[in-house]
Amino acid sequence: MAGPGRPAGLRRLDPVSEHPDPFDESDAFDEIVDAETDRDPDLAVIEAGSRTLRAQAGTPQSDAVPARPADPEVDKALREVEADLATRWGETKLEPSVSRISALMDVLGEPQRAYPSIHITGTNGKTSTARMIEALLGAFDLRTGRYTSPHVQSITERISLDGAPIEAERFIETYRDIKPYVEMVDAGQDYRLSFFEVLTGMAYAAFADAPVDVAVVEVGMGGSWDATNVIDGSVAVVTPIDLDHTDRLGATHAEIAGEKAGIIKQGATVILAQQPVDAAQVMLKKAVEADATVAREGMEFGVVSREIAVGGQLLTLRGLGGEYDQIFLPLYGAHQAHNAAVALAAVEAFFGVGAEQARALDMDTIRKAFASVSSPGRLEVVRRSPTVVLDAAHNPAGARATAAGITESFGFSRLIGVVGTSDDKDVRGLLEAFEPIFAEIVVTQNSTPRAMGADELAAIAVEVFGDERVVVEPRLDDALEAAITLAEEESEFAGAGVLVTGSVITVGEARLLLGRG
């Protein structure tokens, strides 16, 4: 397991073994030097992004490193909010209950009741589906609020208004507004409100203050006891369920579905993506108990056809009210087409299509909305020559969808993987899903405490790929440079590419390193 030669103009940094934190503050980081000769300008971008990450490394982070506000005073205030939030339980430490968030909603005056909501659960595809729903609702002139997690680069991404992340100033103001009430609730509970619970309270308060016409809310984990589950979503969306977070949600599809079915409220409409049979049975049983209407992908709605197109795909979708053709979706992969079908059905259900009215929604508006969709970090191209693609797949099911999508849409002659994962995931399953499409894999780690160490990840990778196909670069900037070098080093691999994957956090940091911050 060895790294390739360094590009001209770069020299190796101090060994990471001397700096356990891969973004530890040290002078060694700034010792990258420019050569007198020509050099790849995109590798220079990685160097600049590396410096940015290092500069931010001293700030307590709950997730991926945020893109900082330009105004120094706003940046300072946002750092203070992030530092305050970082003192609370992180998103991986849970006490399954909605009692604390319910208490917060009570003292805030139940802001989540001020607008109708579409609630989204599932294992994979939640954020992309939420972004599509948001785009569709916005195209029909509704003011939207979207709450998703985790973020790719900036914590402000989690709370969006009208399709854009909430401004840093407004994020800070919202936190300051609710902080006294948060502290009041903390004092009366066995445990303080968690990081995710406080952010959820902020989102609901910001949506009421805006005000929004409709909120699109993605669960953090599960459903029944998730902090978001104090809303009464008139539409409950369930994206594909697979095995993930099995230590908290259950070891089978049925057990996980039982937790996620908790978002189905009395009289709601349930939009059910294609599911394993046992998961679907659990969902249907819950819907009957709640007197909810169910629309199933493959039955009441679905993907009629799809064709690969430049920059995405061309779809024909069957909705609850009819067929929608010539829809351009600027995202790659069959899974995104299915997400689009689910999103369309959810918006139709919100507008009463299939219940109060039989006619389809306006075709031109639907086409315009889907054409505007983006989903950062989901088969996202961030560089050409060689092509670098980012994808946040972090479990085997997501990895299989990503592998299929990249094979179908890109046709690389040789693909180099850059993989950094969290230590609580099915890493072997993820690597096995990628093994058929990676010529070589560069294993690395992101900057958070949850990251699996590069050496531990490498040991698993060698078992899956064999020693000759594994390169170890503990620092992400080095890993990106190594992968790009491998993709460029032999002229016969003119169609070589790089896929960065394994974690939303890894993808967010790579995005910043590659100049997309």
Take V381 and F410 through the test side-chain contact (heavy atoms from CB on, under 4.5 Å) and record every step on the way to the result.
-> CA-CA 10 Å; V381 178; F410 293 89; 3.6 Å; yes
Determine, step by step, whether F171 and L199 satisfy the side-chain contact (heavy atoms from CB on, under 4.5 Å) criterion, reporting the C-alpha distance in whole Å, the side-chain angles of both residues, the deciding distance to 0.1 Å, and the verdict.
-> CA-CA 10 Å; F171 184 92; L199 276 177; 3.7 Å; yes
List the steps, then state whether side chain to side chain donor-acceptor pair (under 3.5 Å) holds for R146 with T148.
-> CA-CA 6 Å; R146 173 172 53 84; T148 53; 3.2 Å; yes
List the steps and the verdict of side chain to side chain donor-acceptor pair (under 3.5 Å) for N124 and D242.
-> CA-CA 8 Å; N124 291 306; D242 215 295; 5.7 Å; no
List the steps and the verdict of side-chain contact (heavy atoms from CB on, under 4.5 Å) for D455 and V472.
-> CA-CA 7 Å; D455 288 341; V472 184; 4.0 Å; yes
Apply side-chain contact (heavy atoms from CB on, under 4.5 Å) to the pair I406 and V389, showing each step before the final yes or no.
-> CA-CA 9 Å; I406 206 163; V389 182; 4.3 Å; yes
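Listed for the K260 side chain is no donor-acceptor partner under 3.5 Å among the backbone atoms of I256. When atom types are taken as modelled, the side chain of R131 and the backbone of S374 share a donor-acceptor pair closer than 3.5 angstrom. At least one donor-acceptor pair closer than 3.5 Å links the side chain of E157 to the backbone N or O of V152. Listed for the R378 side chain is no donor-acceptor partner under 3.5 Å among the backbone atoms of T127. Listed for the T129 side chain is no donor-acceptor partner under 3.5 Å among the backbone atoms of A343. Checking side-chain atoms of D226 against main-chain N and O of G220 turns up a donor-acceptor pair under 3.5 Å. A distance-only check finds a donor-acceptor pair linking the side chain of R383 to the backbone of S385 [under 3.5 Å]. Looking only at distances, a side-chain donor or acceptor of S372 sits under 3.5 Å from a matching main-chain atom of A369. T444 places a side-chain N or O within donor-acceptor distance of the main-chain N or O of P474, the cut-off being under 3.5 Å. For the pair S224 (side chain) and E259 (backbone), a donor-acceptor distance under 3.5 Å is present.
The heavy-atom pair separating A210 from R143 by the smallest distance is O-NH1, 2.9 Å. Shown here for R192 and E197, the closest heavy-atom pair between the two residues is O-OE1, 4.3 Å. What you find for Y332 and L379 is that their closest heavy atoms are CD1-O, 3.4 Å. Contact detail for V462 and D467: the closest heavy-atom pair is CG1-N, 4.0 Å. Between I159 and A206, the shortest heavy-atom contact is CG2-CB, 4.4 Å. Nearest heavy atoms, A461 versus V443: CB-CG1, 3.9 Å.
Taking the side chain as every heavy atom from C-beta outward, H335 and T239 never approach each other to under 4.5 Å. Between D426 and R428 the shortest side-chain heavy-atom distance falls below 4.5 Å. Using a 4.5 Å heavy-atom cutoff, the side chains of P376 and R511 are in contact. Here the side chains of I231 and V217 are in contact, with some heavy-atom distance below 4.5 Å. Proximity of Q313 to P330: side-chain heavy atoms (C-beta onward) are nowhere separated by under 4.5 Å. In this structure, the side chains of T174 and D177 stay at 4.5 Å or more apart for every pair of heavy atoms. Contact check for M452 versus D424: no side-chain heavy atoms found under the 4.5 Å cut-off. For the pair V382/V500, no side-chain contact is recorded, criterion being any heavy-atom separation below 4.5 Å from C-beta on.
Here the CG-CZ distance, from L513 to R475, works out to 9.5 Å after rounding to the nearest 0.5 Å. For the atom pair CG of L390 and CD of E509, the computed distance is 12.0 Å after rounding to the nearest 0.5 Å. Interatomic distance, D478 CG to T485 OG1, rounded to the nearest 0.5 Å: 10.5 Å. In this structure, the separation between CD on E169 and CD on E73 is 11.5 Å, given to the nearest 0.5 Å. Note that OG1 of T506 is 11.5 Å distant from NE2 of H394, once rounded to the nearest 0.5 Å. The line from OH of Y191 to CZ of R88 is 15.5 Å long, rounded to the nearest 0.5 Å.
Checked against the 6.0 Å centroid threshold, F196 and Y147 count as a close aromatic pair. The distance between the ring centers of F195 and W89 does not fall below 6.0 angstrom.
Q336 and S128 share a side-chain donor-acceptor pair at under 3.5 Å.
The aromatic rings of F207 and Y204 sit tilted relative to each other, their planes meeting at an angle between 30° and 60°.
Looking at E440 and R469, no side-chain N of the basic residue comes within less than 4.0 Å of a carboxylate O on the acidic one, giving no salt bridge. A salt bridge between K76 and D71 is absent, with no side-chain N of the basic residue lying under 4.0 Å from a carboxylate O of the acidic one. Salt-bridge formation is detected for the pair E408/R306: a Lys NZ or Arg NE/NH1/NH2 atom is positioned less than 4.0 Å from an Asp or Glu carboxylate oxygen.
More than 12 non-hydrogen atoms from other residues, nucleotides or ligands lie less than 6.0 angstrom from CD of E463.
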